[in-house]
2 protein chains.
Amino acid sequence: MVKDRRSPRPRLTDVAERAGVSMKTVSNVVGGYAPVSDRTREKVLAAIAETGYRPNLSARNLARGRSGTILLAVPRLELPYFASLAGHIVTAAATRGWTVLLHQTDGTAEGERAVLEEEPSQRLDGMIVSTQHLRAVEVHRTDAVPLVLLGDLEPHGAIAHVGIDNWAAGRAAAVHLAGVGCRRVAMIGAGIGTTRRDRTAGVAAGLREAGLPVLPELLRPIAANTGEEGERVVTEMLAELRAAGAPPPDGVFAVTDWVAMGALRALHRSGLAVPADVAVIGFDDIPYATSSLPTLSTIAADRACIADHAVALLEEQQGSAMDSPARTAQRFAPFALVPRESTARP
Amino acid sequence: MVKDRRSPRPRLTDVAERAGVSMKTVSNVVGGYAPVSDRTREKVLAAIAETGYRPNLSARNLARGRSGTILLAVPRLELPYFASLAGHIVTAAATRGWTVLLHQTDGTAEGERAVLEEEPSQRLDGMIVSTQHLRAVEVHRTDAVPLVLLGDLEPHGAIAHVGIDNWAAGRAAAVHLAGVGCRRVAMIGAGIGTTRRDRTAGVAAGLREAGLPVLPELLRPIAANTGEEGERVVTEMLAELRAAGAPPPDGVFAVTDWVAMGALRALHRSGLAVPADVAVIGFDDIPYATSSLPTLSTIAADRACIADHAVALLEEQQGSAMDSPARTAQRFAPFALVPRESTARP
DNA sequence: CTGAAAGCGCTTACAG
DNA sequence: CTGAAAGCGCTTACAG
């Protein structure tokens, strides 16, 4: 199809003229705003095809009084879990005519606070914010912009929130470790002990359920969920246990696959074999979980489902009163435990 | 600051009224379109601060005849290299008032072709497309939408392109491997042997320069740049060499860190120690390169620089004729070789 | 350096 | 189910 570069883009008027109907009717067909007779619809669709018309979203948004963009804040896009989530959110948002403005909080409490409290540089139809540090009770709504929180939050009912049931996922991981024979399970990760219903709390519950102890010396909070930190803390833990004459753990739960990769390094350097001596399970199912040595057992959240829920909740909040149920809804997405080499025992 | 939720958002008119000037003047201050006297500017800025005014981008874009959005196509957002690049591009685009529409090609030739040839669903001020399969000569411009290609392209001068000098980077990797004593270097990766100035061609040149042979049996193209493929192909190569009574390589160049991680697995399973028996170097410097066993030496591209160049080229192409130099400019960003454990020898 | 006014391309009461 | 017209909030010649 050859196009004349100098001819201006076709507008709604051009389509209307060609189809012999009013702009309003074309608008109704394109936007699905009101029912149109089949005959008219066909004429309009033909005219759209002939002219190659595509709507001008700026004009549409201006007329409808919305910005057409939502903001998505994640710790770092470089982390595959969040990148993947972002991809799904972009897709879900596009379905509703939204463009996603990406924002990175750098995974710090200040970064999270900033995006929630500072004035955005442009108008937004809504915000999806993935928090790691900020507790939901600390989030104060500064205005009426629709907001959905993602992540590991305590259910408190004041702000819309979507995530997986981290507690249940942690519990499943613990049951899996117990099932492959672990008796001394260590937990490594940021946020350990801070919330009541998070993944590490679930692990503890799962261990108790399996009749295993939750040993304080094996609970290791870390400063950041990175591989380096995971390696450092596990190395430290092994040294302390050795010094105390205590045996090493025979199972490790890491809050994140990246942390688990660091744990793998630390265990290897201490001469412990995975999974023979120590079984290791991570969380997130990043692409690299299948390329580590050994491959990593992990918990995989249904990220597409999380994305759909989040964007849907934003849509339900559009124009709704501050006390609408969509403002405070809590939605859960499913997860799956993916067993791989790091917990494979005969 | 308490805000009345029911009061409508302040507009340019409101600011103008408050400052006692015309809309045009406020517009000039906000957009920097024309010089304004210091005294007037101050009055306007004060009024903006008092009203909490923020521009409506839909209205601005409509008036200026642009869409305010550019499209960025990457193979998969889950790959940290591209996620990081996307983050930088979002930042660079925001500086120029652009919102980035994210698109994933899935890393396939069809996906790349589709985004370049199909009609976008909305109007775009430009496109940045990261290609892996499509050769630049195959890219046919279907319309006047500004376009910048990213990736490993042959310089041909017909379409704007930004990337690092992959050939030089490959050469640097080869020189590094030679420097740590490698004599039999294998190359693993998709696209091997397809282009003349790409990273693997650079590796070959670097090896020759160091007086080392480029051994055909050590050149291994793979179907996709993934860890699984890297592991499969290296395993296969080692088996073939063994069967032929040939020694294994003592150095491996992988086109991607992820492929290198797969190579690490294959080497380990074949009983070869890294770096003692085989030195391994990857490409991209993904965050996990510091968490693999051993940590991965790699080539790090200056992604912020790539992003800046790409967005700047798009801006230069705005409204310019099809024969403007920005339509065909080639720009290079710097890179660095990052030595880690996988090539560390005493 | 500043003003008054037209226009960007849509949507949406309102009237039929 | 369809039309004619106002309006969304900006920018930009044009005139001063």
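No experiment lies behind these values; they were computed from the predicted model shown. Below, chain A is the first sequence line, B the second, and so on; all start at residue 1.
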Could you give the [atom1]-to-[atom2] distance, from [X] to [N], as a whole number of Å?
X       : N      : atom1 : atom2 : value
A:Asn61 : D:dG9  : CG    : P     : 13 Å
A:Leu12 : D:dG3  : CG    : P     : 13 Å
A:Asn56 : C:dC10 : CG    : C1'   : 7 Å
A:Asp38 : D:dT2  : CG    : C1'   : 16 Å
B:Arg66 : C:dG7  : CZ    : P     : 23 Å
B:Arg11 : D:dC10 : CZ    : P     : 8 Å
B:Lys43 : C:dC1  : NZ    : P     : 14 Å
B:Leu57 : C:dC8  : CG    : C1'   : 15 Å

**Asked** Does the pair A:Glu316/A:Arg96 count as a salt bridge with the N-to-O cut at 4.0 Å?
**Response**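 Looking at A:Glu316 and A:Arg96, the cut-off is not met.
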
**Request:** Assign each of B:Lys24 and B:Ala59 to its nearest nucleotide of DNA chain D by heavy atoms, then name whichever residue's nucleotide is nearer the 5' end.
**Result:**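 Closer to the 5' end of DNA chain D: B:Ala59.
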
**Item:** Residue met sooner reading DNA chain C from 5', once B:Ser22 and B:Leu62 are mapped to nucleotides
**Value:**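 Residue closer to the 5' terminus by nearest nucleotide: B:Ser22.
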
**Asked** Which residue, A:Asn28 or B:Gly20, contacts DNA chain C at a nucleotide closer to its 5' end, judged by nearest heavy atom?
**Response**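 With A:Asn28 and B:Gly20 compared, the 5'-side residue is B:Gly20.
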
So, OP1 or OP2 of [N]: does either fall under 4.0 Å of a side-chain N or O from [X]?
X       : N      : value
A:Thr40 : D:dC1  : no
B:Ser27 : D:dT11 : yes
A:Thr25 : D:dG3  : yes
B:Arg60 : D:dC10 : no
B:Ser37 : C:dT2  : yes

**Closest listed nucleotide, where the reference is the side chain of B:Ala63 and the choices are C:dT11, D:dT11, C:dG9** =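 Output: D:dT11.
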
**Asked** Between C:dT11, C:dG9, D:dT11, which nucleotide has the shortest distance from any of its atoms to the side chain of B:Met23?
**Response**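 Closest nucleotide among those given: D:dT11.
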
**Item:** B:Thr51 side chain to B:Asp14 side chain, donor-acceptor N/O pair below 3.5 angstrom
**Value:**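 No, no side-chain donor-acceptor contact under 3.5 Å.
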
**Asked** Is there a donor-acceptor contact under 3.5 Å linking the side chains of A:Thr105 and A:Glu112?
**Response**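 Absent: no donor and acceptor within the cut-off.
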
**Request:** Give the minimum heavy-atom separation between A:Leu147 and A:Ala160, together with the two atoms involved.
**Result:**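 Looks like O-CB, 3.6 Å.
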
**Request:** For the pair B:Val148 and B:Met127, evaluate side-chain contact (heavy atoms from CB on, under 4.5 Å) and give the outcome as yes or no after the intermediate values.
**Result:** CA-CA 6 Å; B:Val148 172; B:Met127 304 180 31; over 6 Å; no

**Prompt:** Counting only Watson-Crick or G-U wobble pairs whose two distances fall under 3.5 Å, which nucleotide matches C:dT2?
**Reply:**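 Answer to the pairing question: D:dA15, which forms a Watson-Crick or G-U pair with C:dT2.
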
**Message:** Under 4.0 Å, counting only non-hydrogen atoms across every strand here, what does A:Ser58 touch: a base, just sugar-phosphate, or nothing?
**Reply:**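 Result for A:Ser58 = nothing.
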
